[in-house]
Colleague: 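This is the structure I have questions about; it appears just below.
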Number of protein chains: 2
Amino acid sequence: MVTPRSILKSHKLRITDCRLDIIQEFLDRQVALAHSDLEEKLQNQFDRVTIYRTLNTFLEQDIIHKVLDDSGATKYALCSFEDDHEHDHEHVHFKCEICGETTCLDEVHLPPIKLPQGYKKRDMSLLVLGTCPKCG
Amino acid sequence: MVTPRSILKSHKLRITDCRLDIIQEFLDRQVALAHSDLEEKLQNQFDRVTIYRTLNTFLEQDIIHKVLDDSGATKYALCSFEDDHEHDHEHVHFKCEICGETTCLDEVHLPPIKLPQGYKKRDMSLLVLGTCPKCG
DNA sequence: GTTTATGCAAATTCTTTGCAATACT
DNA sequence: AGTATTGCAAAGAATTTGCATAAAC
């Protein structure tokens with residue numbers, strides 16, 4: 001079972017309240033979160049800087065990844081730990097233009113893409129913009 | 001033929017040096033550019049603020065579009081004026097992890113994607129990360 | 001006890017806004 | 001001439017850095 005604690009332990013990171021709370025937040029809401037979302041949620045519990053540093057630590061450790069966003073804001077989401085076998089490097093996200101939420105569509109898989117001569121692919125991210133079920 | 005001048009005219013925008021130079025820069029280099037790239041290139045010719053405003057004007061007029069980037073920097077690229085028929089709302093970009101350049105892969109087309117129940121798509125952007133022909 | 005994370009202050013970078021001067025049509 | 005754009009100064013976000021204190025192992 002995946003818990004904030006187990007995630008930190010498996011990455012050999014110290015267990016602190018801020019880290020636990022941030023991971024918990026990602027687990028609870030299955031959407032991509034920006035620094036500002038976390039700051040708002042964990043209001044006054046942790047310093048703004050600590051949240052930045054925590055996010056950067058998690059990025060380095062591949063606990064979270066950046067989610068592309070058209071608005072300019074940097075958003076993050078948990079890397080999926082289910083299919084951990086080889087970190088599948090394929091991200092499909094949906095951003096609702098009404099509520100602004102970005103969700104990971106883990107169940108959607110990208111068909112193979114043919115790239116022009118000479119290009120070598122290592123990772124792919126698809127961002128779909130539109131209307132989500134809640135807002136539709 | 002597409003020239004900086006013709007682009008501005010067809011969008012009913014006034015013809016100014018800054019606008020001409022920025023469009024020219026996009027035409028010359030077929031890559032996505034960040035504000036900082038333009039600032040560097042047009043060094044001391046125009047104010048930083050003017051470049052920001054020009055980019056925003058072009059965005060509103062659909063002369064350029066934002067290109068997703070994993071680095072956090074906002075990048076822009078010209079909208080393709082060839083297949084102008086209905087602004088096809090499908091963007092495929094390739095970012096080389098070695099030289100950092102992002103290019104539009106106009107020749108690559110996304111196969112139709114099946115979204116889960118309730119999601120309605122309006123636009124899609126694919127970012128492929130890897131190695132480009134020059135760096136490969 | 002040693003190492004690492006946190007909080008606070010402050011520095012940097014990125015982006016927007018207001019307003020007078022300038023350039024475009 | 002009338003309107004939109006530019007440059008400059010300044011304000012406001014977003015993000016990073018340094019250092020002493022506090023917490024984790």
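So that the names make sense, note that chain A is the first sequence line, chain B the second, and so on, each numbered from 1.
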Colleague: Please report the C-alpha distance between B:His93 and B:Lys75 in whole Å, then the side-chain angles of each, then the deciding distance to 0.1 Å, and finally whether the side-chain contact (heavy atoms from CB on, under 4.5 Å) criterion is met.
Modeller: CA-CA 11 Å; B:His93 294 105; B:Lys75 293 189 171 187; over 6 Å; no
Colleague: Shortest non-hydrogen contact from A:His65 to A:His91?
Modeller: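 Minimum heavy-atom separation between A:His65 and A:His91: NE2-ND1, 3.7 Å.
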Colleague: Provide, to the nearest angstrom, the distance between the CG atom belonging to B:Leu42 and the C1' atom belonging to D:dT6.
Modeller: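 Taking atom C1' of D:dT6 as the reference, CG of B:Leu42 is at 14 Å.
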Colleague: Applying ring pair (Phe, Tyr, Trp, His ring centres under 6.0 Å), which residue pairs with at least one partner in residues 113-136 of chain B are found, sequence neighbours left out?
Modeller: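 Output for this query lists A:Phe94-B:Tyr119.
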Colleague: Donor-acceptor check, side chain of A:Ser6 to backbone of A:Val2, threshold 3.5 angstrom: yes or no?
Modeller: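 Absent.
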Colleague: How close do B:Leu8 and B:Arg14 get, heavy atom to heavy atom, and via which atoms?
Modeller: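 Scanning both residues completely, I find the closest heavy atoms to be CD1-O, 4.0 Å.
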Colleague: Can you tell me the distance, in whole Å, between the CZ atom of B:Phe46 and the P atom of D:dC8?
Modeller: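 After rounding, the gap between these two atoms is 12 Å.
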Colleague: Give me the other members of the hydrophobic cluster that A:Ile98 sits in, counting Ile, Leu, Val, Met, Phe, Trp and Tyr linked by side-chain heavy atoms under 4.5 Å, directly or via other members.
Modeller: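 The other cluster members (ILVMFWY side chains, heavy atoms under 4.5 Å, direct or chained): none.
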Colleague: How would nucleotides 10-17 of chain D be written as a contact map, 5' to 3', with B for base contact, S for sugar-phosphate-only contact and - for no contact, using protein heavy atoms under 4.0 Å?
Modeller: ----SBBB
Colleague: Roughly, in whole Å, what's the span from CG in B:Leu20 to P in D:dT5?
Modeller: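 After rounding, the gap between these two atoms is 13 Å.
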Colleague: Closest heavy-atom contact between A:Val92 and A:Val108?
Modeller: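 Smallest interatomic distance, heavy atoms only, reads CG2-O, 3.7 Å.
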Colleague: Provide the closest heavy-atom pair for A:Gln45 versus A:Asp21 in the form atom of the first, atom of the second, distance.
Modeller: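 Heavy atoms only, the tightest pair is NE2-OD2, 3.8 Å.
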Colleague: Could you pull out every donor-acceptor pair under 3.5 Å between side chains of residues 26-35 of chain A and any protein atom, sequence neighbours left out?
Modeller:
| residue | atom | partner | partner atom | Å |
| --- | --- | --- | --- | --- |
| A:Asp28 | OD1 | A:Gln24 | NE2 | 2.9 |
| A:Gln30 | NE2 | A:Leu27 | O | 3.4 |
| A:His35 | NE2 | A:Arg48 | O | 3.2 |

Colleague: Between atom CZ in B:Arg14 and atom C1' in D:dA4, what is the gap in whole Å?
Modeller: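 It is 4 Å, rounded to the nearest whole Å.
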Colleague: Could you check how far CD of B:Gln45 sits from P of D:dT6, rounded to whole Å?
Modeller: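 Spelled out: CD on B:Gln45 to P on D:dT6 is 13 Å.
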Colleague: How close do A:Leu59 and A:Tyr76 get, counting heavy atoms only, and between which atoms?
Modeller: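 Taking A:Leu59 first and A:Tyr76 second, the nearest heavy atoms are CD1-CE2, 3.9 Å.
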Colleague: Does a side-chain heavy-atom distance below 4.5 Å link A:Thr74 with A:Asp69?
Modeller: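 Not in contact.
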Colleague: So what is the end-to-end bend of the helix from C:dG1-D:dC25 to C:dT25-D:dA1, with 5 pairs used at each end and the value given to 10 degrees?
Modeller: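 Answer for the end axes of this duplex: 40°.
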Colleague: Between B:His11 (NE2) and D:dA4 (P), how many Å, whole number?
Modeller: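 These atoms are roughly 18 Å apart.
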Colleague: With a 4.0 angstrom cut-off to heavy atoms of chain B, pull out the first and last contacting nucleotide of DNA chain C, in 5'-to-3' order.
Modeller: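 The protein-touched segment is C:dC14 to C:dT25.
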